[in-house]
Amino acid sequence: MLEEALQEINRGTAEIIDIERITKLLTAYFDEGKTYTVKAGFDPTAPDLHLGHTVLLQKLATFQKYGGRVQFLIGDFTATIGDPTGKSATRKVLTSEDIVKNIASYTTQAFKILDENKTDIVYNKDWLEPLGALGMLELASNLTVARMLERDDFSKRYASQTPIAVSEFMYPLLQGYDSVYLKSDIEIGGTDQKFNLLMGRQLQKAYGVKKQQAVLMMPILEGLDGVQKMSKSLGNYIGVTDEANDMFGKILSISDALMWRYFELLSTKSLLEIQVIKDGVVDGSLHPKKVKEELALEITARFHTQDLATKAKEEFEKVHAKSQIPTDMASFTFNETIWIAKALVECKISASTSQARRDIKQGAVKIDQIKVSDEQLQLQSGEYVLQMGKRKFAKVKVN
RNA sequence: GGUGAGAUAGUCAAGUGGCCAACGACGGCAGACUGUAAAUCUGCUCCCUAUGGGUUCGAAGGUUCGACUCCUUCUCUCACCA
């Protein structure tokens, strides 16, 4: 039992610090039913969760299965400072209204994966605001500049002469102080958080918390492009609220190399099963596309239903393999004859009429599956299916 | 506070009076090939019913027949020194 739990917890992790602590916590749970706390911090910056976030959430859910109580920490205070992100640019500061709005949608989405009864939502404003200037200075005295510059992100920026705001130096301290206040037993986060996570341990020690938190790091999930990390601002994400069809299509569009990454971090298949599939692809007995479809099915079903996932797959085949038109698409009605380029803009298929004309010129636009060559074409009354490229469709009715 | 450098399309980055809607790279979109993969090749990439017109090069003025290019002021950024 303990073995199994440890294995599941270990899965896909980038690094675990103080595994002994985790083992002890689990043992105490199995022997005496004692629970423990697992902290994870979330920035209420983007209101929508994507698969990148779910990597962490899934790990939290695993802990919940084995006696962990999740401290779902909303960084509403720290969000007003701005974290030194991987993008190495000083981040925009959010207004408190933005934050409140974001939190609401954030948590409801998170509970698609987390067990609500085993989760405490906490806000770091509650203890960081009362900390005051004195408390802040006291906190800051625990850290030297040299040590701060050890942080990879900072040292890179420092070396490349990119500016670092002093307030950004405070961020790891505050995040670490969260762990002091919450007396967290375990904290999990992305590998990019390593420095901050370790700061939690250091500060807990400095403030006399008896046992320091164990730290578990998950790798950063790459976005659809396979290079940048998945993030909404880069537009390379799969949102947990994406439509089943969308979700399926997006997963299928990732590269083969990236697919394995997604298997490891998102699939619930065991590592052994994944290895078998991998071998199958290597020796040619399995087609990579089939394998990717399996993955897409699994993930789509998790956020929707098995039924919807299967439908998404059928729909996908219909549209792409047999190049038929999709079952559902946005429809628009016009009351008079309309110029094709205008119609494309109105249906949000092309960004501007200039763009629409270019698209037509390049032979990307089809009406009822037939290529449009006349860019002056007027749509007379009737019903049409407009198509641009492989993915954009719209149903049009002209009265 | 002092000195110097700089601000050009989604990003990086050329352009120092007309040849500039502005080289190039990346990204993005589309076409071919495919498995809506990768790789490769090709085209497109400010707006406007367009062999034309309009609006762009941090902002506002000015010089000029003509300005991304020259002048003035302003805003912002960076570096070095204190």
Side-chain angles (χ1 to χ4, degrees), chain A residues 86-90 92 157-165 222-229 231-238 242-263 277-278 280-282 284-297 300 312-326 329 334 336-366 369-379 386-393:
Chain A
K87 272 173 282 170
S88 298
T90 313
K92 274 189 225 86
R157 283 165 67 182
Y158 194 67
S160 68
Q161 304 187 320
T162 314
I164 303 169
E222 291 84 355
L224 298 172
D225 54 41
V227 182
Q228 303 266 48
K229 72 172 185 178
S231 89
K232 181 152 188 175
S233 54
L234 293 172
N236 61 355
Y237 69 104
I238 302 175
D242 280 1
E243 297 283 320
N245 284 346
D246 262 3
M247 197 179 270
F248 189 91
K250 279 184 185 174
I251 296 169
L252 220 57
S253 79
I254 64 173
S255 75
D256 288 4
L258 187 61
M259 160 170 86
W260 299 116
R261 191 81 176 137
Y262 279 32
F263 258 114
I277 296 171
K278 222 172 189 169
V281 171
V282 171
S285 60
L286 282 172
H287 193 290
K289 196 198 173 198
K290 285 271 168 273
V291 173
K292 208 181 289 174
E293 276 174 356
E294 284 303 310
L295 177 71
L297 267 178
T300 309
K313 179 173 184 260
E314 284 164 6
E315 180 73 9
F316 185 87
E317 268 161 22
K318 182 179 156 195
V319 176
H320 300 287
K322 300 177 190 154
S323 62
Q324 293 171 354
I325 53 175
M329 58 187 123
F334 300 105
E336 52 189 356
T337 303
I338 185 166
W339 177 36
I340 176 73
K342 274 269 186 271
L344 287 168
V345 174
E346 291 296 321
C347 298
K348 300 199 166 56
I349 286 178
S350 300
S352 64
T353 59
S354 296
Q355 183 62 48
R357 295 166 75 123
R358 279 182 226 119
D359 292 337
I360 295 167
K361 207 174 289 175
Q362 295 195 97
V365 176
K366 290 179 186 170
Q369 311 258 56
I370 297 163
K371 193 179 288 181
V372 177
S373 49
D374 176 15
E375 63 180 63
Q376 292 302 328
L377 184 72
Q378 302 287 329
L379 294 179
L386 295 188
Q387 180 182 357
M388 205 291 283
K390 289 172 190 159
R391 319 177 189 203
K392 291 180 181 166
F393 297 88

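All chains are named by letter (A, B, ...) in the order of the sequence lines, taking the proteins before the strands, and each is independently numbered beginning at 1. Note that the structure is predicted; figures quoted are calculated from it, not measured.
- For the P atoms, the distance from B:U16 to B:C68 is 13 Å, rounded to whole Å.
- The CG atom of A:Leu224 sits 11 Å away from the P atom of B:C29 (whole-angstrom rounding).
- In this entry the distance linking CZ of A:Arg358 with C1' of B:U42 reads 17 Å, nearest Å.
- Separation of the C1' atoms belonging to B:U8 and B:C12 is 12 Å when rounded to the nearest angstrom.
- Note on A:Ser352: only backbone sugar-phosphate atoms sit closer than 4.0 angstrom, heavy atoms only; bases stay farther off.
- The A:Asp359 side chain lies nearest to B:C29 when the options are B:C29, B:A50, B:G35.
- A:Glu317 comes within 4.0 angstrom of nothing in the nucleic acid, heavy atoms only.
- A donor-acceptor pair is defined here as one N or O able to donate and one able to accept, closer than 3.5 Å; no such pair exists between the side chain of A:Gln324 and the backbone of A:Pro326.
- Spacing of C1' atoms, B:C57 relative to B:A9, comes out at 8 Å, to the nearest Å.
- Within the nucleic acid shown, A:Lys342 comes within 4.0 Å of sugar-phosphate atoms alone, with no base atom in reach, counting heavy atoms only.
- When the P atom is used for both B:C71 and B:G6, the distance is 12 Å, rounded to whole Å.
- Residue-environment remark: NZ (A:Lys371) stays at or below the threshold of 12 foreign heavy atoms within 6.0 Å.
- Going from atom CZ of A:Arg357 over to atom C1' of B:C48 covers 9 Å, rounded to whole Å.
- Rounded to a whole Å, the CD atom of A:Gln355 is 10 Å from the P atom of B:C48.
- Residue A:Met388 contributes atom CE, which lies 19 Å from atom P of B:G43 at whole-angstrom precision.
- Going from the C1' atom of B:C33 to that of B:U40 covers 9 Å, rounded to whole Å.
- Atom CD of A:Glu317 sits in a crowded spot, with more than 12 heavy atoms from other residues, nucleotides or ligands closer than 6.0 Å.
- A donor-acceptor contact under 3.5 Å links the side chain of A:Lys390 to the base of B:U34.
- Taking only distance into account, the side chain of A:Asp225 never meets the base of B:G27 through a donor-acceptor pair shorter than 3.5 Å.
- Taking atom C1' on both B:C26 and B:C20, the two are 22 Å apart, rounded to the nearest angstrom.
- The separation of B:G62 from B:U69, taken at their P atoms, amounts to 15 Å, rounded to a whole angstrom.
- In this structure B:A50 sits in the syn conformation; its chi angle is within 90° of 0.
- Of the P atoms belonging to B:U55 and B:A60, the separation is 14 Å, rounded to the nearest Å.
- One cannot find a donor-acceptor pair under 3.5 Å joining the base of B:G31 and the side-chain atoms of A:Gln362.
- Within 4.0 Å of A:Gln376, counting heavy atoms only, lies at least one base atom of the nucleic acid.
- What separates NZ of A:Lys361 from P of B:A50 is a distance of 13 Å, to the nearest Å.
- Residue-environment remark: CD (A:Glu336) stays at or below the threshold of 12 foreign heavy atoms within 6.0 Å.
- In this structure, the NE2 atom of A:His287 is 14 Å from the P atom of B:A38, given to the nearest Å.
- Note on A:Ile254: only backbone sugar-phosphate atoms sit closer than 4.0 angstrom, heavy atoms only; bases stay farther off.
- B:G43 is paired with B:C29 under the criterion used here, namely a Watson-Crick or G-U wobble arrangement in which both key atom distances are under 3.5 Å.
- Listed here is the closest heavy atom pair of A:Ile251 and A:Ile238: CG1-CD1, 3.6 Å.
- For the pair A:Lys250 NZ and B:A37 C1', the computed distance is 18 Å after rounding to whole Å.
- In this model, the phosphate group of B:C48 is approached by a side-chain N or O of A:Thr353 to a distance below 4.0 Å at OP1 or OP2.
- Between the side chain of A:Thr353 and the backbone N or O of A:Ala356, no donor-acceptor pair lies under 3.5 Å.
- Considering only side-chain atoms of A:Ser354, the nucleotide from B:C48, B:A30, B:U45 that sits closest is B:C48.
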